[in-house]
There are 2 protein chains.
Amino acid sequence: MAKRSSSSMEVLLGMLTIESMSGYDLGQAVRDSIGHFWNESYGQIYPNLKKLAAGGFVTGKTEKQKGKPDRQIYSITKKGRERLAAWLKVEPQPEIPRNELLLKLFFAVQADPEDIYGFVEQMARSESVTLEKINGLDGEIAKLDRYPDAPYWKMALRFGQLELEAHQRWAAETLGELKKLNSRQRTASPARKEPRHGNN
Amino acid sequence: MAKRSSSSMEVLLGMLTIESMSGYDLGQAVRDSIGHFWNESYGQIYPNLKKLAAGGFVTGKTEKQKGKPDRQIYSITKKGRERLAAWLKVEPQPEIPRNELLLKLFFAVQADPEDIYGFVEQMARSESVTLEKINGLDGEIAKLDRYPDAPYWKMALRFGQLELEAHQRWAAETLGELKKLNSRQRTASPARKEPRHGNN
DNA sequence: AAATGCATGTAACGCGTTACATGATTTT
DNA sequence: AAAATCATGTAACGCGTTACATGCATTT
């Protein structure tokens with residue numbers, strides 16, 4: 001058995017406690033509000049909603065629209081809430097890490113220094129965009145303090161802020177180190193085009 | 001097609017540039033030296049080594065041992081180095097995030113406050129262990145400065161340090177918030193056993 | 001006596017992504 | 001005229017985990 005329970009259904013249930021939504025809406029909601037720590041593809045969302053409906057955890061109502069295709073609006077049921085509550089009692093599994101950037105950095109002696117430098121730069125740039133997005137969400141949550149969820153949303157957001165700020169500091173520090181290392185390497189062994197390693 | 005290239009073979013190649021090893025050794029090396037940002041299971045390592053050998057990226061030599069089972073020692077070939085170099089030129093993909101703790105925190109209104117508090121505490125404790133392990137590695141790398149890789153290894157390690165420190169700060173802050181929130185809730189609505197939501 | 005470590009491997013299984021399909025409307 | 005958005009869905013495919021198998025040696 002390769003059971004990994006995996007919470008893909010429970011995110012949907014959780015989101016539906018906030019508001020009844022269609023599968024399409026759920027995709028957006030996940031991306032826009034918890035995208036910095038969770039993702040869910042439509043290839044997962046639609047089949048899972050069907051399974052949840054078949055199990056009585058959600059109910060769906062068809063909503064007609066003019067011009068646009070019909071929407072299936074899903075609502076969580078009592079049974080769905082119970083399932084969510086049960087899942088919330090289970091200790092969360094730490095995520096198994098797979099950071100490709102760090103992997104390539106770890107093997108960087110085998111690489112072109114310029115490439116590695118570019119990777120770190122690129123990561124810093126793209127994460128700073130994410131950070132700004134998160135900071136934007138912060139302001140939005142502040143306006144939503146009628147929701148009892150708001151304080152928790154803020155804590156989850158805060159995680160992203162602190163983590164990404166740490167990443168930014170690391171990137172700045174690392175880019176400096178890489179620069180020093182590259183210039184030292186260049187002066188130490190000048191005009192070395194092909195790395196010589198005596199293997200096979 | 002669901003191609004995700006996935007670097008599982010390249011980690012092995014990368015590790016073999018440091019030293020020739022068996023599959024078993026590779027499993028340990030991954031866990032012990034890059035375990036904080038990468039993981040690889042034996043169910044992946046052994047078949048991948050066979051594939052790499054079949055493609056001429058590594059070569060294996062059987063090593064007899066007394067009492068213990070034979071070891072297959074793998075070495076990277078010229079072709080293997082080329083493959084690694086090619087992979088190192090490709091921009092690393094940002095990891096898709098899946099943080100169960102934050103997910104449960106996000107839906108914490110639906111949960112028992114004590115459970116959530118415990119989850120954050122538990123995460124902080126287990127990550128502080130990881131942090132100590134990383135700090136231990138730091139000292140070991142310092143002794144390995146004959147390796148040209150050492151500076152890069154340090155940068156990868158530093159990432160883990162800064163990130164985990166940020167997590168620790170977040171956890172401390174969040175536990176404080178949760179405590180405040182829980183006491184406020186208890187005084188606001190006393191003796192509420194069943195949450196009343198008008199859904200199905 | 002039982003459990004853990006060494007060492008290599010295979011098989012089952014499911015999770016998740018990507019690609020594709022459809023078709024109308026709105027934006028560029 | 002082309003591309004993107006809305007909206008729902010299915011099928012293919014592979015990655016990765018878990019479990020299982022084997023068997024000897026050492027540790028508890």
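Below, chains carry the letters A, B, ... as their sequence lines are ordered, and counting in each starts from 1. All of these numbers come straight from a predicted model, not from anything done at the bench.
- Separation of atoms CG (A/L175) and CD1 (A/I116) is listed at 11.5 Å; rounding is to 0.5 Å.
- Regarding contacts with the backbone of C/dA7, a side-chain N or O of B/Q65 is found under 4.0 angstrom from either OP1 or OP2.
- Rounded to the nearest 0.5 angstrom, B/F57 CZ and B/T77 OG1 are separated by 7.5 Å.
- Distance from the side chain of B/P69 is smallest to C/dC6 among C/dG9, C/dT17, C/dC6.
- Between B/Y46 and A/W38, it is B/Y46 whose nearest contact on DNA chain C lies nearer the 5' terminus.
- In this structure, B/R31 places its CZ atom 19 Å from P of D/dG16, rounding to the nearest Å.
- Using a cut-off of 4.0 Å between Lys/Arg side-chain N and Asp/Glu carboxylate O, A/E140 and A/K143 are scored as not salt-bridged.
- Distance from the side chain of B/P47 is smallest to C/dT10 among C/dT10, D/dT10, C/dT8.
- Rounded to an integer number of Å, the gap from A/M21 CE to D/dC6 P is 15 Å.
- The side chain of B/S8 places an N or O atom within less than 4.0 Å of a non-bridging phosphate oxygen (OP1 or OP2) of D/dG16.
- Residue B/F106 is tested with A/Y147, A/Y152, A/W153 for a ring-ring contact (aromatic ring centres under 6.0 Å, His included); the sole match is A/W153.
- Side-chain N/O atoms of B/N48 include none lying less than 4.0 angstrom from OP1 or OP2 on D/dC15.
- One can place CD1 of A/I45 at 15 Å from C1' of D/dC6, the figure rounded to the nearest angstrom.
- The distance from atom CD of A/Q44 to atom P of C/dT18 is 12 Å, rounded to the nearest whole Å.
- Note: OH (A/Y24) to C1' (D/dC6) measures 5 Å, nearest angstrom.
- Taking CG of B/D32 as the start and CG of B/L137 as the end, the distance is 8.0 Å to the nearest 0.5 Å.
- Considering only side-chain N and O atoms, B/N39 lies under 4.0 angstrom from the phosphate OP1 or OP2 of D/dT17.
- Along DNA chain C, the nucleotide closest to B/R98 and the one closest to B/D70 are compared, and the more 5′ of them pairs with B/D70.
- If you take CD of A/Q72 and P of D/dT10, they are 12 Å apart, rounded to a whole angstrom.
- Residue contacts for B/G23: at a heavy-atom cut-off of 4.0 Å it reaches the sugar-phosphate backbone alone, with no base atom in range.
- Distance from the side chain of A/S41 is smallest to C/dT17 among C/dT17, D/dT8, D/dC6.
- When rounded to the nearest whole Å, the span between CD of B/E95 and C1' of C/dG16 equals 16 Å.
- Comparing C/dG9, D/dT17, D/dG9 by their nearest atom to the side chain of A/K50 picks out D/dG9.
- Between A/S6 and C/dG14 there is no side-chain N or O to OP1 or OP2 distance below 4.0 Å.
- Distance CD (A/Q93) to P (D/dG16): 19 Å, rounded to an integer number of Å.
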